[in-house]
S.K.: 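First the structure, which I've put down as C-alpha cells, then a few questions once you've had a look.
Both backbone and side-chain heavy atoms feed into the values below; hydrogens, waters and symmetry mates do not.
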Amino acid sequence: MKALVFLASRRKSSPPLPARLGERVCAFLMSQLAGRFEATLIDPLDYPATDTFKPAFSYSDNAKPSHLSGLESLIAQADAYVMVSPEYNHSMSPALSDLLNQFPSSVFSFKPSLIATYSSGQWGGTRAAVGMRPFLSELGCIPVSAMLHFPRADQVFQADGTLAPGQEEGRWASYANRGTEQLHWWAAAAAHQRAVLDPFAASPPFRRAPPERDAPGV
C-alpha cells in the first residue's frame, strides 16, 4: 500500500522558530506509517508556485511540466493520503490548497485521507482541520473520522521527528495509531473495491468542461 504525506507549508523563514516545524511532524508520522504503508513525503518547496495559475489538467499531455506530471502520477498511484497542515488565520495552509488544486479530483477519488494539524500553541491547528474536511471530501479522498492534532509541536518533537525527552512514546504512538489504522483499513477496502469494480464506470470525470456532468435541461 502506498501513501503520500503532504507537508503543507512553504515557509522556511523565522520567527517563529523552528522555521519548518511541519518537517518534524511529517517525520514522526512517516515512522508511524511504516508498518502499514510505503510512505513518500511531498514537500511543496519542490513544486514552487507560479505567478499565473495554470493547473496540470489545463495542459495537453505532451506540454505538461515534468514536475507536475510526475506528482500527478504519484497521486494517481497512491492508495491513501496524509495531509499535514499548520493553521493560517484559522484555516488550512494556502500552500496545500494551491498544490492540491493543480490536479483533477479524479486522481484523488475513491481513496481515503488522514488529516493531521500542528502548531506551536495550545490548539494544534484544529481550526485548520475544520476546513480541510470538506476540501478533501470534494477532492474525492474522504478523510477518515480520526484526526491528529499536535499542540506545542516544537516541544513534542526533535528536529528529526523523534520525541523530545520526557514525552511519553507509548501514548503518542497509540494516539497516532488510531488515525493511521483507520487510514489503512479504508485504503485496503477501497483498493479491493477498485480492483473488482471500476469506480469511474458510473461516475466518470468530465474531460473537457464541467457542463458534461450537468443535470438534464440545465
S.K.: What's the separation between atom CE in Met1 and atom CG in Leu33, rounded to the nearest 0.5 Å?
M.R.: 11.5 Å
S.K.: Return the minimal non-hydrogen interatomic distance between Ser9 and Tyr88, and the atom names on each side.
M.R.: OG-OH, 3.9 Å
S.K.: Testing the basics here: between Ser105 and Glu138, what is the closest heavy-atom pair and its distance to 0.1 Å?
M.R.: CB-O, 4.1 Å
S.K.: Using 0.5 Å steps for rounding, measure from the CG atom of Leu96 to the CG atom of Asn101.
M.R.: 9.0 Å
S.K.: Would you kindly say whether Trp172 and Gln167 are connected by a side-chain donor-acceptor distance under 3.5 Å?
M.R.: yes
S.K.: Within the supplied structure, the quantity of interest is the number of heavy atoms (other residues, nucleotides, ligands) at a distance under 6.0 Å from Glu212 CD; does it exceed 12?
M.R.: yes
S.K.: Can you measure from CZ (Phe110) to OG (Ser203) and round to the nearest 0.5 angstrom?
M.R.: 4.5 Å
S.K.: Arg10: what forms a side chain to side chain contact (heavy atoms under 4.5 Å, CB included) with it, not counting sequence neighbours?
M.R.: Pro44, Leu45, Ala49, Ala95, Asp98
S.K.: If every non-hydrogen atom of Gly124 is compared with every non-hydrogen atom of Thr117, which pair is closest and at what distance?
M.R.: O-OG1, 2.6 Å
S.K.: Would a 4.5 Å heavy-atom cut-off, applied to side chains only, mark Leu21 and Pro86 as touching?
M.R.: no
S.K.: So which of Ile115, Leu114, Val5 actually passes side-chain contact (heavy atoms from CB on, under 4.5 Å) with Val84?
M.R.: Val5
S.K.: State plainly whether one hydrophobic cluster holds both Leu29 and Trp186, where clusters connect Ile, Leu, Val, Met, Phe, Trp and Tyr through side-chain heavy atoms under 4.5 angstrom apart.
M.R.: yes
S.K.: Hey, mind stepping through Ser119 and Glu87 against side chain to side chain contact (heavy atoms under 4.5 Å, CB included) and telling me if it holds?
M.R.: CA-CA 7 Å; Ser119 73; Glu87 183 177 309; 5.7 Å; no
S.K.: Measure the OG-CD distance between Ser174 and Glu168 for me, rounded to the nearest 0.5 Å.
M.R.: 11.0 Å
S.K.: Applying ring-ring contact (aromatic ring centres under 6.0 Å, His included) to Phe157 and Phe150, what does each step give before you reach the verdict?
M.R.: CA-CA 10 Å; Phe157 301 110; Phe150 299 95; 5.6 Å; yes
S.K.: Using the test side chain to side chain contact (heavy atoms under 4.5 Å, CB included), find all partners of Pro65 that sit at least two apart in sequence or belong to another chain.
M.R.: Tyr59, His67, Leu68
S.K.: What's the verdict on side-chain hydrogen bond (donor to acceptor under 3.5 Å, both in side chains) for Asn62 and Ser60, showing C-alpha distance, side-chain angles and the deciding distance?
M.R.: CA-CA 6 Å; Asn62 59 0; Ser60 62; 2.7 Å; yes
S.K.: Tell me whether Phe28 shares a hydrophobic cluster with Tyr175, the cluster being built from Ile, Leu, Val, Met, Phe, Trp, Tyr side chains joined at under 4.5 Å.
M.R.: yes
S.K.: Could you check whether any side-chain heavy atom of Leu148 comes within less than 4.5 Å of a side-chain heavy atom of Val82, counting everything from C-beta outward?
M.R.: no
S.K.: Could you go through the side chain to side chain contact (heavy atoms under 4.5 Å, CB included) check for Phe37 and Met30 one step at a time?
M.R.: CA-CA 9 Å; Phe37 292 96; Met30 290 184 72; over 6 Å; no
S.K.: Consider side-chain contact (heavy atoms from CB on, under 4.5 Å). Of Leu100, Leu41, Asp43, which one does Phe6 pass it with?
M.R.: Leu100
S.K.: Look at the side-chain heavy atoms of Ile, Leu, Val, Met, Phe, Trp and Tyr, link any pair under 4.5 Å apart, and say whether Met83 and Tyr118 land in one connected group.
M.R.: no
S.K.: Supply the atom-to-atom distance Lys2 NZ to Gln77 CD, rounded to the nearest 0.5 angstrom.
M.R.: 5.0 Å
S.K.: Verify the cluster assignment for Tyr47 and Val107: are they in a single hydrophobic cluster under the rule of side-chain heavy atoms below 4.5 Å apart?
M.R.: yes
S.K.: Counting only heavy atoms not in Asn89 (residues, nucleotides, ligands), do more than 12 fall under 6.0 Å from its CG?
M.R.: no
S.K.: Can you check side chain to side chain contact (heavy atoms under 4.5 Å, CB included) on Leu99 and Leu71, steps first, answer last?
M.R.: CA-CA 10 Å; Leu99 184 58; Leu71 181 52; 3.9 Å; yes
S.K.: May I ask you to test the Pro104-Glu72 pair for a side-chain heavy-atom distance under 4.5 Å?
M.R.: yes
S.K.: What's the shortest heavy-atom distance between Pro199 and Arg194, and which atoms?
M.R.: CG-CG, 4.2 Å
S.K.: Run the side chain to side chain contact (heavy atoms under 4.5 Å, CB included) test against Gln182 and tell me which residues pass, sequence neighbours left out.
M.R.: Val144, Ser145, Ala146, Arg178
S.K.: I need the minimum non-hydrogen distance between Leu183 and Ser113, along with the two atoms involved.
M.R.: CD1-C, 3.6 Å
S.K.: Check the pair Arg133 / Leu136 against side chain to side chain contact (heavy atoms under 4.5 Å, CB included), numbers first and verdict last.
M.R.: CA-CA 5 Å; Arg133 188 173 289 280; Leu136 295 171; over 6 Å; no
S.K.: Does Pro143 reach the side chain of Met132, with side-chain heavy atoms less than 4.5 Å apart?
M.R.: no
S.K.: Any carboxylate oxygen within less than 4.0 angstrom of a Lys/Arg side-chain nitrogen, looking at Arg36 and Asp79?
M.R.: no
S.K.: Measuring from Gln122:CD to His149:NE2, what's the distance to the nearest 0.5 Å?
M.R.: 14.0 Å
S.K.: Examine Ile42 and Leu7 and state if one hydrophobic cluster contains both, with Ile, Leu, Val, Met, Phe, Trp and Tyr joined whenever side-chain heavy atoms are less than 4.5 Å apart.
M.R.: no
S.K.: So do the side chains of Phe200 and Ser109 get within less than 4.5 Å of each other, counting heavy atoms only?
M.R.: yes
S.K.: Which atom pair, heavy atoms only, marks the closest approach of Phe108 to Tyr81?
M.R.: CA-OH, 3.7 Å
